[in-house]
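Encoded as structure tokens, the structure appears first; notes follow it.
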Amino acid sequence: MNSSEQEECSGLEMMQKDLHATFLELMYYLLPSPYESQETNHLTLAYFVISGLDILNSLHSVAKDAVVSWVLSFQAHPGAKADLNDGQFYGFHGSKTSQFPPDKNGVLIHNNSHLASTYCAIAILKIVGYELSNLDSESIASSMRNLQQPDGSFIPIHIGGETDLRFVYCAAAICFMLNNWSGMDKEKAKDYILRCQSYDGGFGLVPGAESHGGGTYCAIASLRLMGLIEDNILSDCASSTLIDVPLLLEWILQRQGNDGGFQGRPNKSSDTCYAFWIGAVLRILGGSNFVDHKALRGFLLSCQYKYGGFSKFPGEYPDLYHSFYGFTAFSLLEESGLKSLCSQLGITENAAMGL
């Protein structure tokens with residue numbers, strides 16, 4: 001990127017809420033061509049748009065009934081009750097192409113219903129005020145048991161896939177929002193999460209892996225949703241018997257760099273999204289006051305694009321993923337005009353409470 005382009009992408013002195021709302025509204029109506037490769041993740045992209053607009057206090061710009069109809073069209077339904085034992089997951093597909101039937105040779109060419117897509121679908125429905133009791137939550141929860149592995153982890157789709165903390169988190173968030181924990185063996189999930197805490201205090205995505213900001217968020221948010229740790233645990237006189245909180249806090253506080261931003265791992269550059277992944281963990285633990293808010297705000301503003309949205313690094317163009325996590329980060333910083341965030345669910349407090 002040349003110098004004139006860098007100037008065009010440079011941050012502004014204030015968080016431009018109205019420009020960001022316009023940015024998301026444009027994404028609501030039409031995604032740019034670079035997102036074609038993300039076709040199977042339509043529900044995830046929609047979650048970034050809808051939840052982002054809610055954070056920005058601009059949800060009035062979407063047709064909520066149309067959003068509900070669109071999201072519900074992705075749900076997978078069992079043909080009969082007996083199908084709940086066929087090993088499949090009856091959640092939500094990520095896109096229309098994910099719903100294609102097998103080809104003439106019986107080969108599945110779609111990704112089936114997916115844990116991450118299901119989390120995003122239920123979150124969107126909750127944000128726009130849909131009554132979740134209207135969902136067949138029993139089918140979702142019952143079939144989700146098919147995805148939990150003997151070690152307590154989850155695969156995202158019934159035909160296989162990676163098993164790590166991302167999908168434990170999705171499962172926990174789904175159970176929490178549906179108020180139905182029958183889809184998860186909480187004890188096994190808890191044990192898996194605890195095995196992911198590394199020697200340095202952070203959590204890797206799998207046991208034995210390097211500590212990672214995203215993995216740490218998934219671990220702590222899952223434990224909070226499961227009711228295994230309390231909010232503001234740092235202010236509690238009794239130390240946690242589950243996790244090594246002081247060591248975790250030390251690792252987290254080392255992630256804020258000299259530029260004010262947060263990195264996901266040691267020796268990595270600061271990145272907009274980790275202002276949420278790390279910042280939300282601190283909010284859950286009750287340690288937000290340990291953050292240098294002014295420095296973090298300065299880093300985020302350096303990633304703000306003058307026409308709306310946030311980039312991954314300063315001086316680059318915005319994308320939907322980093323824009324959303326830029327909005328969540330400013331909400332955690334209690335920016336004026338933004339709604340408060342429910343850190344463990346990734347949606348606003350109002351949406352989480354059904355308001």
Side-chain angles (χ1 to χ4, degrees), residues 21 24-31 35-36 38-56 58-78 88-101 110-144 147 156-158 166-167 169-180 183 225 320-321 323-324 327-328 339 341-342 345-355:
L24 289 181
E25 287 166 12
L26 292 172
M27 296 289 189
Y28 171 73
Y29 288 105
L30 182 66
L31 288 171
Y35 291 94
E36 287 178 355
Q38 296 293 313
E39 198 281 331
T40 58
N41 297 318
H42 260 181
L43 271 175
T44 302
L45 298 175
Y47 160 75
F48 293 148
V49 172
I50 300 300
S51 188
L53 286 170
D54 192 28
I55 292 168
L56 295 172
S58 298
L59 199 58
H60 57 270
S61 61
V62 306
K64 294 181 182 179
D65 288 344
V67 170
V68 167
S69 297
W70 183 78
V71 170
L72 292 178
S73 72
F74 293 107
Q75 188 173 6
H77 297 280
Q88 294 196 47
F89 173 47
Y90 293 99
F92 286 79
H93 296 270
S95 72
K96 292 299 182 185
T97 59
S98 301
Q99 297 172 305
F100 288 169
H110 53 75
N111 69 354
N112 302 283
S113 56
H114 193 285
L115 268 180
S117 300
T118 302
Y119 157 71
C120 290
I122 296 172
I124 292 171
L125 292 173
K126 198 165 180 62
I127 290 166
V128 298
Y130 180 75
E131 180 51 65
L132 294 184
S133 62
N134 292 326
L135 286 177
D136 183 1
S137 62
E138 195 57 45
S139 292
I140 295 173
S142 296
S143 62
M144 195 167 74
L147 304 181
I157 53 177
H158 78 276
R166 293 173 298 172
F167 306 117
Y169 169 75
C170 288
I174 290 166
C175 290
F176 183 88
M177 288 188 287
L178 293 178
N179 194 27
N180 184 339
L225 291 168
L320 189 49
Y321 172 85
S323 294
F324 173 72
F327 307 148
T328 59
K339 289 185 179 180
L341 192 72
C342 175
L345 280 180
I347 60 179
T348 63
E349 290 279 9
N350 284 356
M353 295 186 292
L355 301 178

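Side chains are part of it too, since the values below use all heavy atoms of this structure and drop only hydrogens, waters and symmetry mates.
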Quick one: list whatever passes side chain to side chain donor-acceptor pair (under 3.5 Å) with Asp136, sequence neighbours left out. Ser139

Check the angle between the aromatic planes of His114 and Phe167 and answer parallel, tilted or perpendicular using the 30° and 60° thresholds. perpendicular

Apply side chain to side chain contact (heavy atoms under 4.5 Å, CB included) to Tyr130 and Ile124, showing your working. CA-CA 9 Å; Tyr130 180 75; Ile124 292 171; over 6 Å; no

For the side chain of Tyr28 and the backbone of Leu53, is there at least one donor-acceptor N/O pair under 3.5 Å apart? no

Option passing side-chain contact (heavy atoms from CB on, under 4.5 Å) with Val128 (candidates Val67, Val71, Asp65): Val67

Do Leu320 and Leu31 touch side chain to side chain, with heavy atoms closer than 4.5 Å? yes

Between Asn41 and Gln38, do the side chains contain a donor N or O and an acceptor N or O under 3.5 Å apart? yes

Which residues satisfy the ring-ring contact (aromatic ring centres under 6.0 Å, His included) test with Tyr47, sequence neighbours excluded? Tyr119, Phe324

I need the Ile157 CD1 to Ser117 OG distance, nearest 0.5 Å. 10.0 Å

Test salt bridge (charged side-chain N to carboxylate O under 4.0 Å, His left out) applied to Lys339 - qualifying residues, sequence neighbours left out: Asp54

Could you walk me through whether Phe89 and Met144 satisfy the side chain to side chain contact (heavy atoms under 4.5 Å, CB included) test, starting with their C-alpha distance in whole Å, then the side-chain angles of each, then the deciding distance to 0.1 Å, before giving a yes or no? CA-CA 6 Å; Phe89 173 47; Met144 195 167 74; 3.8 Å; yes

Let me see the working for Leu59 and Lys64 under side chain to side chain contact (heavy atoms under 4.5 Å, CB included), right down to the final yes or no. CA-CA 9 Å; Leu59 199 58; Lys64 294 181 182 179; 3.9 Å; yes

Are the side chain of Thr348 and the backbone N or O of Ile55 linked by a donor-acceptor pair below 3.5 Å? no

What is the minimum heavy-atom distance between Ala76 and His93, and which atoms define it? CB-NE2, 3.6 Å

Are Leu24 and Phe48 side-chain neighbours, meaning at least one heavy-atom pair lies under 4.5 Å? no

Ile50 side, atom CD1; Ile127 side, atom CD1 - distance, nearest 0.5 Å: 7.5 Å

In this structure, CD1 of Ile122 is separated from OG of Ser137 (nearest 0.5 Å) by 8.5 Å

Show your working on side chain to side chain contact (heavy atoms under 4.5 Å, CB included) between Leu125 and Leu135 and close with a plain yes or no. CA-CA 10 Å; Leu125 292 173; Leu135 286 177; 4.1 Å; yes

Arg166 and Leu115, any side-chain heavy atoms less than 4.5 Å apart: no

Looking at every heavy atom in both Ile347 and Ala123, which two are closest together, and how far apart are they? CG2-CB, 4.1 Å

Work out which heavy atom in Ala21 is nearest to a heavy atom in Leu56; give both atom names and the distance. N-CD1, 3.7 Å

Please report the shortest heavy-atom distance between Trp70 and His42, naming the atom on each side. CH2-O, 4.0 Å

For Ala121 versus Leu43, what's the shortest heavy-atom pair and its separation? CB-CD1, 3.9 Å

Above 12 or not: heavy atoms from other molecules or residues under 6.0 Å from CG of Asn134? yes

Evaluate the side-chain proximity of Ile140 to Phe92: yes if any heavy-atom separation is below 4.5 Å, no if none is. yes

Heavy atoms of Cys170 and Ala116 approach each other most closely as SG-CA, 3.7 Å

Verify, without hydrogens or angle tests, whether Ser51 (side chain) and Gly346 (backbone) share a donor-acceptor contact under 3.5 angstrom. yes

Please confirm whether the backbone N or O of Glu39 pairs with a side-chain atom of Ser95, one donor and one acceptor, at under 3.5 Å? yes

